[in-house]
Amino acid sequence: MSKPRQFSLSVLTNCKTLKSLKQIHAQVLKKGLDSDPFVAGKLLLHCSINLSDSLDYAHRLFTYTPNPDAFMYNTLIRGLGESETPQKSLSIFTHMLGYSNFPPDSFSFAFLLKGAANARCLRMGSQLHCQALVRGLDSHAFVGTTIVSMYAECGIVGFSRKMFDEMPEPNVVAWNAMLTAYFRCYDLKGAEGIFYLMPFRDLTSMNVMLAGYTKVGELELAKKLFLGMLIKDDVSWSTIIIGLAQSGSYDEALSYFRELRRLGLTPNEVSLTGVLSACAQSGALAFAITLHGFIEKSGMVWILSVNNALLDTYSKCGSLDMACLVFKRMPGKKSIVSWTSMVTGLAMQGYGEGAIKLFNEMKESGIKPDGITFIAILKACSHAGLIEQGYKIFSKMTEEYGIDPTIEHYGCVVDLYGRAGLLQKAYDFVIQMPIPPTAIIWRTLLGACSFFGDVVLAERVKERLVKADPDNSGDHVLLSNTYAVAGKQNDVVMIRESMAELKMKKIPGWSMIEVDKF
DNA sequence: ATAGGGTTAG
């Protein structure tokens, strides 16, 4: 007689794909273990949290479970709350209220509120806050802390503070959440107030302050704080490096990275992406190559974000060959970021057709382009003068992909027509835009008018520009250039004089075409 | 389970 073979859930540890999960699920069904709430719960946890793109399967698994327990409800709520559509977690909540014997507990509310925070949905958040209040769960430490964060994510730090003040004995996590809440809303004074009030601080508190200082542009304070920190972890290091990189202090970002290395510390993937971004923005190709060598040796070549940062750095530094190499050799899945960076790289170096070709390959590979990809591809078209193509892509953006164009997308189309000299078409396009054109849009168009010397249209655009941005002054240069290109020297002189009256000296780096040259 | 760092455009 053979011993009944035990089924071990430890197989889930090595389960990295939906396919292998399905195989495990099949075995579970075969052994009739699907009615075991523990086994069913573990399976659901794995496909709703650990695996990506498996939420639909999780949902089905849940649906086919006759009487899901509280853990299963909470797990699916958690998975949906972390997804692109966090509001869907509410339907599971409703189901839980109506069809289960389990009332929602502190876990349910923590996950639901996190979903509301992710969705930045104040309506959802405040409704859940009320529900938690009615059930007496708002006083639960985890729930309360999540409510504090949720209000800040929704942009109302005053409500966060109100919630926080109602907590009888906030722990360090709650204090840190309140600190984060103020910075989330760029309230430096509020954050400092909390920081000095805190009865205890841990490394996270310090790191929150570091990140907050860089976020609100207080780089000196950030550096001072960092210097004074006796204990630093990798989050501290990556926070300061990224903070500097994002504030335009590229050299300093590189210096901190060197210091990290000098101390014999091992950079992690986050500080590496940060320092690579600093290289990309400052064109520090030599440093990037050194970093590439380190990445190869350290075994971090397998990390997607590192590869993305590396490929973007190469393409921004003009090494399109190396960018291509990284892109082609990229292990496993490429993300939307990888494709978009590569498209941008090609577009920037003038390979408009190549960019479009890659854009099509991307769609074939099953990656859905987002708004950023469309900015990249529209730029590619405008630089390559592919007007028809560009406009077709712009139209498809809404029709096929359901992406609402932002002002930047409209700007790309204006640039597309403008660069091609189709000035009237560009003007008509701006007039019929469903969102009000900004000064940037008008300035783009004015730039095109000046390039082609269209005086009549330039004057019209100029009027619109003044209306959109009353205290602008840089457009005088563009306007006078228009007259210069059109060969109307007298007008140029006139505009120059009026510019002098407008204290043109205040405009940094302004230049204009010399009248004498015409 | 609640708090801290991330790459793509403009």
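Here the structure is a predicted model, which is why all the values come from computation and not from measurement. Chain identifiers are assigned alphabetically (A, B, ...) following the order of the sequence lines, protein sequences preceding nucleic acid strands; residue numbering begins at 1 within each chain. Values reported hereafter were calculated over all heavy atoms of this structure, with side chains retained and with hydrogens, waters and symmetry mates removed.
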Any N or O donor-acceptor pair linking the side chain of T239(A) to the base of dG5(B) at under 3.5 Å?
->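 Absent.
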When the distance from [atom1] of [X] to [atom2] of [N] is rounded to whole Å, what number comes out?
X       : N      : atom1 : atom2 : value
M206(A) : dA3(B) : CE    : P     : 20 Å
I242(A) : dG5(B) : CD1   : P     : 9 Å
M72(A)  : dA1(B) : CE    : P     : 17 Å
H140(A) : dA1(B) : NE2   : P     : 12 Å
F327(A) : dT8(B) : CZ    : P     : 16 Å
L311(A) : dT7(B) : CG    : C1'   : 9 Å

Picking from [options], which would you name as closest to the side chain of [X]?
X       : options                 : answer
E408(A) : dG10(B), dT8(B), dA3(B) : dG10(B)
F142(A) : dG5(B), dT2(B), dA9(B)  : dT2(B)
N268(A) : dT7(B), dG10(B), dG5(B) : dG5(B)
S277(A) : dT8(B), dA1(B), dA3(B)  : dT8(B)
Q246(A) : dG10(B), dT7(B), dA3(B) : dT7(B)
K316(A) : dT8(B), dA3(B), dG5(B)  : dT8(B)
D312(A) : dT7(B), dA1(B), dG5(B)  : dT7(B)
K114(A) : dA3(B), dT8(B), dG5(B)  : dA3(B)
T273(A) : dT8(B), dT7(B), dG5(B)  : dT7(B)

For W237(A) and dG5(B), are the ring centres under 5.5 Å apart with planes inclined under 30°?
->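 Answer is no, no stack.
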Would you say the side-chain atoms of R161(A) and Y182(A) include a donor-acceptor pair closer than 3.5 Å?
->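 Y182(A) and R161(A) do have a side-chain donor-acceptor pair below 3.5 Å.
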Does the side chain of E259(A) pick up a donor-acceptor pair with the side chain of S255(A) at under 3.5 Å?
->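 No, no side-chain donor-acceptor contact under 3.5 Å.
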So S108(A) and N74(A), side chain to side chain donor-acceptor pair (under 3.5 Å) or not? Walk me through it.
-> CA-CA 5 Å; S108(A) 323; N74(A) 291 340; 2.6 Å; yes
Kindly determine whether F327(A) and W339(A) satisfy ring-ring contact (aromatic ring centres under 6.0 Å, His included), including the steps that lead there.
-> CA-CA 8 Å; F327(A) 183 73; W339(A) 288 95; 5.1 Å; yes
Just call it for S149(A): base, sugar-phosphate, or nothing, with non-hydrogen atoms closer than 4.0 Å on any strand.
->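 The answer is sugar-phosphate, as S149(A) gets under 4.0 Å only of primed atoms, P, OP1 or OP2.
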Just checking T146(A): base, sugar-phosphate only, or nothing, at a heavy-atom cut-off of under 4.0 Å?
->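 Sugar-phosphate contact only - T146(A) comes under 4.0 Å of backbone atoms but never of a base.
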Carefully, step by step, assess F109(A) and H129(A) under the rule ring-ring contact (aromatic ring centres under 6.0 Å, His included).
-> CA-CA 8 Å; F109(A) 279 104; H129(A) 183 182; over 10 Å; no
